[in-house]
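Down below is the structure, laid out as structure tokens.
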Amino acid sequence: MSSEKVEVVVEAHCRLGESPLWEEKGNTLLFVDVSGKKVLRWNSLTKEVQAVPVDAFVSLVALRECGGYIITQGTRFAALNWENQSVTTINNVDQDKPNNRFNDGKVDPAGRLFAGTMGNELRPAVLERKQGSLFTLFPDHSVVKHFNNVDISNGLDWSLDNRTFFYIDSLSYSVDAFDYDLQTGQIANRRSIYTMEEEEKIPDGMSIDTEGKLWVACYNGGRVIRIDPETDNWTWSKRTPTMLIRRLTINL
């Protein structure tokens, strides 16, 4: 049995809370309520929670180098100005698929935003199959599509040496790896490094620790597993992990 204590820090009562992001300069935690269509910010000093409503599903929030935030709203990359609560479109994807929306995403070590889409979800993990794609938003506001035929684009991260990109398409029940070119943001040589067992359920969000091990949240499985990408094995950690918190900003 784990000796770790879990406690509620923010009682935001989200419909679907996602994308936690620590903003150090303000001692604030940002996150989104996907189906509640709002971006929230919790001040750890005052304990106040503020929210900015938006007019579509919002799946992630990221820090912007010039100030403010980038969000994925529906099928748009957009800039969020917190002070005046304005949202400005940067680029739009999947315009031929009106039922799609963005899901998980993360900023790479060079300041590019990777994010993927998914089809219309009828209920949790039941959706229009193979409708999504994985994209990158570059500093010049251009967007590159890496591949399509994605079910639920989910957890992603980079190895400590930035030479490998890790990615989850949830309904593939696999954690995949790609060769990564940090200079160009290109990915290649896709392969599976871990296949989920039935009792582990659906792989969802993912992060990496300071030892280069991956932590994968298992939707409907009530667990988080630690995967060694070098050995294709997972273990329960016997200690509190030191997570690699990148807090990277988007270079645009």
Side-chain angles (χ1 to χ4, degrees), residues 18-19 21 32 34 54 56-65 69-80 87-121 125 127-159 162-193 202-206 246 248-252:
E18 291 272 2
S19 185
L21 173 70
V32 302
V34 179
V54 295
F57 281 11
V58 53
S59 65
L60 71 88
V61 57
L63 304 177
R64 193 177 188 185
E65 188 175 57
Y69 310 106
I70 300 295
I71 62 173
T72 48
Q73 178 192 18
T75 55
R76 297 189 295 160
F77 289 105
L80 169 64
V87 177
T88 305
T89 299
I90 294 174
N91 210 318
N92 208 335
V93 304
D94 284 355
Q95 296 185 58
D96 60 330
K97 297 178 179 178
N99 291 328
N100 274 17
R101 70 167 177 85
F102 270 111
N103 199 44
D104 206 356
K106 193 170 290 183
V107 179
D108 86 344
R112 311 175 189 97
L113 177 58
F114 277 63
T117 55
M118 58 184 284
N120 182 43
E121 198 169 29
L127 71 160
E128 297 179 64
R129 299 289 301 268
K130 307 299 180 184
Q131 297 300 303
S133 299
L134 179 68
F135 300 91
T136 297
L137 175 66
F138 283 78
D140 64 358
H141 295 191
S142 64
V143 172
V144 168
K145 179 193 287 190
H146 295 284
F147 51 81
N148 53 17
N149 292 318
V150 172
D151 284 321
I152 304 177
S153 193
N154 242 318
L156 61 174
D157 216 323
W158 287 263
S159 61
N162 298 323
R163 297 176 64 182
T164 305
F165 169 61
F166 301 106
Y167 175 75
I168 292 172
D169 178 358
S170 288
L171 297 189
S172 72
Y173 292 84
S174 173
V175 179
D176 293 347
F178 297 78
D179 297 338
Y180 193 66
D181 187 331
L182 184 61
Q183 297 301 314
T184 65
Q186 296 303 304
I187 61 177
N189 188 27
R190 185 174 188 170
R191 64 270 186 194
S192 176
I193 61 167
I202 300 174
D204 198 320
M206 177 169 59
R246 296 183 185 271
L248 298 170
T249 57
I250 299 171
N251 187 21
L252 73 152

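Within the 4.5 Å cutoff, no side-chain heavy atoms of Val143 are placed close to those of Phe138. Side-chain contact between Asp176 and Asp169 is absent, with no heavy-atom pair separated by less than 4.5 Å. Within the 4.5 Å cutoff, side-chain heavy atoms of Leu60 are placed close to those of Leu113. The shortest distance between side-chain heavy atoms of Val32 and Val54 does not fall below 4.5 Å. Counting heavy atoms from C-beta on, the side chains of Val107 and Arg112 never come closer than 4.5 Å.
The line from CD1 of Ile90 to OG1 of Thr72 is 11.0 Å long, rounded to the nearest 0.5 Å. Separating the CZ atom in Arg129 from the CD1 atom in Ile152 is a distance of 8.0 Å, to the nearest 0.5 Å. Put simply, CG on Asn103 and CD1 on Ile168 are 11.0 Å apart, with the number rounded to the nearest 0.5 Å. How far CZ of Phe166 is from OH of Tyr180: 13.0 Å, rounded to the nearest 0.5 Å. Distance check: Arg76 CZ to Asn91 CG gives 11.0 Å after rounding to the nearest 0.5 Å. Note that OG of Ser59 and CD1 of Ile71 are 9.0 Å apart. Values are rounded to the nearest 0.5 Å.
Closest heavy-atom contact between Pro109 and Leu182: CB-CD1, 4.0 Å. For Met206 against Gly155, the heavy-atom pair with the smallest separation is CE-O, 3.5 Å. When all heavy atoms of Asp204 and Ser170 are compared, the pair lying nearest together is CA-OG, 4.1 Å. Between Ala56 and Gly74, the shortest heavy-atom distance links the atoms CB-N, 4.0 Å. In plain terms, the two heavy atoms of Arg163 and Ser159 that are nearest each other are N-OG, 3.2 Å. Across all their heavy atoms, Val87 and Gln73 have their closest contact at CG1-OE1, 3.3 Å.
The aromatic rings of Phe178 and Phe165 sit tilted, their planes meeting at an angle between 30° and 60°.
Looking at residues two or more places apart in sequence or on another chain, you find a salt bridge (Lys or Arg N to Asp or Glu O under 4.0 Å) between Asp179 and Arg191. Asn100 pairs by the side-chain contact (heavy atoms from CB on, under 4.5 Å) definition with Thr75, Asp94, Lys97, Thr117, Gln131, not counting sequence neighbours.
In this structure, the side chain of Lys106 does not engage the main chain of Asp157 through any donor-acceptor pair within 3.5 Å.
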Subject >> Stepwise side chain to side chain contact (heavy atoms under 4.5 Å, CB included) check, Val93 with Lys145 >> reply: CA-CA 9 Å; Val93 304; Lys145 179 193 287 190; over 6 Å; no
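A ring-ring contact (aromatic ring centres under 6.0 Å, His included) with Tyr167 is found for exactly one of Phe147, Phe114, Trp158, namely Phe147.
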